[in-house]
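I am attaching a structure below and will ask some questions about it afterwards.
Residue numbers begin at 1 in each chain, while the letters A, B, ... track the order of the sequences.
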Protein chains: 2
Amino acid sequence: MPSRLAAPPAHAGGPAFSPLYQQIKALLTREMQSGAWKPGQAIPSEHDLAQRYKVSQGTVRKAIDALAAENLVQRRQGKGTFVASHVEAQSQYRFLRLTPDQAQAAARTGGRSTTGAAGMARQLMGCQRQRAPADVARALGLKGSDAVVRLRRLLLAAAQPVVYDDIWLPGSLFKGLSAERVESYKGPMYGLFESQFGVHMVRAEEKIRAVAADTDSAGLLAIPVGAPLLSVERLSFTYQDRPVELRRGLYRTENFHYRNALA
Amino acid sequence: MPSRLAAPPAHAGGPAFSPLYQQIKALLTREMQSGAWKPGQAIPSEHDLAQRYKVSQGTVRKAIDALAAENLVQRRQGKGTFVASHVEAQSQYRFLRLTPDQAQAAARTGGRSTTGAAGMARQLMGCQRQRAPADVARALGLKGSDAVVRLRRLLLAAAQPVVYDDIWLPGSLFKGLSAERVESYKGPMYGLFESQFGVHMVRAEEKIRAVAADTDSAGLLAIPVGAPLLSVERLSFTYQDRPVELRRGLYRTENFHYRNALA
DNA sequence: ACGCATTTGTTCGTATGTATT
DNA sequence: TAATACATACGAACAAATGCG
């Protein structure tokens with residue numbers, strides 16, 4: 001009997017059991033999901049957790065290693081293990097891959113792209129509540145009758161528009177979200193979601209295309225109709241792979257590029 | 001005295017030492033780089049390596065774990081640990097992110113995108129040797145007088161051109177590369193490089209933009225001049241972060257998209 | 001079909017090193 | 001300096017997957 005905690009049912013298809021450290025990992029994840037351990041805060045020490053769950057410290061360590069590999073937590077020698085946060089400087093703009101062309105790539109040297117595409121000016125173009133369009137509802141796992149928040153904004157570099165974002169969020173999770181709250185918040189959008197609404201983005205999937213600017217986007221981004229734009233459709237997930245944001249971005253890439261690392 | 005193998009010098013800037021398992025990792029990497037352990041082959045067992053290097057099995061294990069995390073090797077329970085290979089079915093087209101739009105995304109379920117953008121027809125448009133242009137030489141770390149191989153090709157889906165690739169390789173590493181060798185090889189380009197020239201691609205960096213088709217690319221890809229195209233500039237590295245390929249790709253994204261996972 | 005040897009995977013325990021406060 | 005927390009290293013035992021006789 002390999003499991004001493006919650007033994008998963010032995011139904012066909014799924015594994016009849018899972019290693020102890022994965023069960024511990026699931027328990028730790030649940031603590032974060034429930035909000036008991038909040039982003040930026042330290043979780044209990046390995047020694048502490050080992051006692052709490054009656055397992056060896058090495059097993060807790062392996063569970064935490066797995067969480068760290070998925071960027072759910074961050075280990076800091078001598079200090080502790082911290083729940084990942086989009087508010088902290090280290091992991092701010094973690095999901096933003098747009099980079100100025102002339103940014104000296106300190107890519108592999110561990111140099112967090114200090115320049116990045118951060119520090120761009122924000123301009124909110126709209127914040128409305130409405131019923132979810134069919135495609136948005138499908139992506140977010142909502143019913144067509146459910147409410148969503150739609151948020152549109154521009155990012156500008158040197159007074160030039162570079163990014164237009166069209167963001168859709170489940171209304172039930174973002175109750176008091178308003179234009180004022182967005183505009184008054186300093187720092188990345190995901191920091192706002194996390195600190196004000198308790199929704200922490202864990203991972204995302206993007207679909208990228210080249211498209212021609214239509215009249216709307218051309219106007220917003222100050223380019224000719226038909227000019228090429230990078231279209232980035234992002235679906236973001238919180239804990240337990242629950243989709244909580246659909247973001248459609250249009251990027252001008254004359255002076256910026258989307259950087260990606262393949263391994 | 002933490003190091004029992006090669007103790008790195010304690011010069012300023014670099015760490016005065018490195019953990020044992022990292023030293024083991026470096027030794028293992030050197031075996032692969034030298035060609036002593038070839039892609040697809042099994043490396044010695046953990047027990048074997050532990051004896052060879054006079055360290056514990058756990059230390060070898062941690063070294064191999066690190067290599068596996070970087071996709072340099074692949075572990076298979078009960079069988080052994082194998083040098084990663086672009087020839088094998090599992091990791092074929094590892095660097096290809098272009099996906100048909102209607103491919104049912106088995107993304108997280110572990111389902112290797114069987115559909116993928118594999119199975120596309122290839123059409124070689126040229127294979128020449130020449131002196132390296134300045135920008136290519138800079139990217140590959142060559143002198144302007146060095147020879148390079150330039151390779152151009154189309155990828156077609158349903159008889160429609162989808163991808164145009166312009167590939168630059170250091171001439172010194174790819175001596176007998178010819179159009180015939182490329183056309184007769186079945187399987188991915190990186191499989192050819194690996195099996196025929198002993199150059200294994202370990203990782204890559206990509207810069208992605210939206211561009212308008214010029215007359216050349218419009219003709220090649222059968223689209224109007226000015227149509228939007230995804231421009232993907234890829235720099236690929238072999239062991240020790242040595243750049244060995246510059247690839248400029250243009251993708252039609254009407255029916256395909258570039259998929260990316262953020263974590 | 002069965003058992004056995006091999007290899008990686010999991011779990012435990014202990015000791016020591018390094019970073020932080 | 002001391003206490004705390006993560007990081008490294010060792011050793012041991014058993015489990016699970018594989019392949020072979």
Without decimals, in angstroms, what is the distance between Q74(B) CD and dG9(C) C1'? 16 Å

Round to the nearest Å and state the distance from K25(B) atom NZ to dA9(D) atom C1'. 18 Å

Might you confirm whether atom CZ of R76(B) has over 12 heavy atoms from other residues, nucleotides or ligands at distances under 6.0 Å? yes

Is a side-chain N or O of E194(A) found less than 3.5 angstrom from the main chain of H86(A), in a donor-acceptor match? yes

Which nucleotide sits closest to the side chain of S56(A): dC6(D), dT11(C), dT8(C)? dT11(C)

Here the distance between atom P of dT8(C) and atom CD of Q57(B), to the nearest Å, is 8 Å

Donor-acceptor pair under 3.5 Å, Q77(A) side chain vs dT18(C) base: yes

I24(A) CD1 to dC12(C) C1', straight-line distance once rounded to whole Å: 13 Å

Separation of dT4(D) P from L49(A) CG (nearest whole Å): 16 Å

Once you round it to whole Å, what is the distance between C1' of dT18(C) and CZ of F17(B)? 7 Å

Where each residue is assigned the nucleotide of DNA chain C containing its nearest heavy atom, which of K79(A) and G78(B) is assigned the position nearer the 5′ end? G78(B)

For DNA chain C, what residues of residues 58-68 of chain B have any heavy atom nearer than 4.0 Å? R61(B)

It should be established whether S45(A) places a side-chain nitrogen or oxygen under 4.0 Å from OP1 or OP2 of nucleotide dT4(D). no

Examine dT8(C): is either OP1 or OP2 under 4.0 Å from a nitrogen or oxygen in the side chain of R76(B)? Give yes or no. no

One thing to verify: whether E88(A) and R94(A) come together as a salt bridge, which I'm taking to mean a side-chain N less than 4.0 angstrom from a carboxylate O. no

Length of the line joining Y21(A):OH and dG9(C):P, which is rounded to integer Å: 9 Å

Sequence neighbours excluded, which residues qualify as side-chain contact (heavy atoms from CB on, under 4.5 Å) partners of R181(A)? S178(A), Q196(A), F197(A)

Nearest of dG13(C), dG9(C), dC6(D) to any side-chain atom of R75(B)? dG9(C)

Donor-acceptor under 3.5 Å (R234(A) side chain, F95(A) main chain): yes

For a quick check under 3.5 Å, do E245(A) and Y190(A) share a side-chain donor-acceptor pair by atom type? yes

E180(B) and Y185(B): side chain donor to acceptor below 3.5 Å: no

Quick one: Y53(B) OH to dA9(D) C1', roughly how many Å, whole number? 18 Å

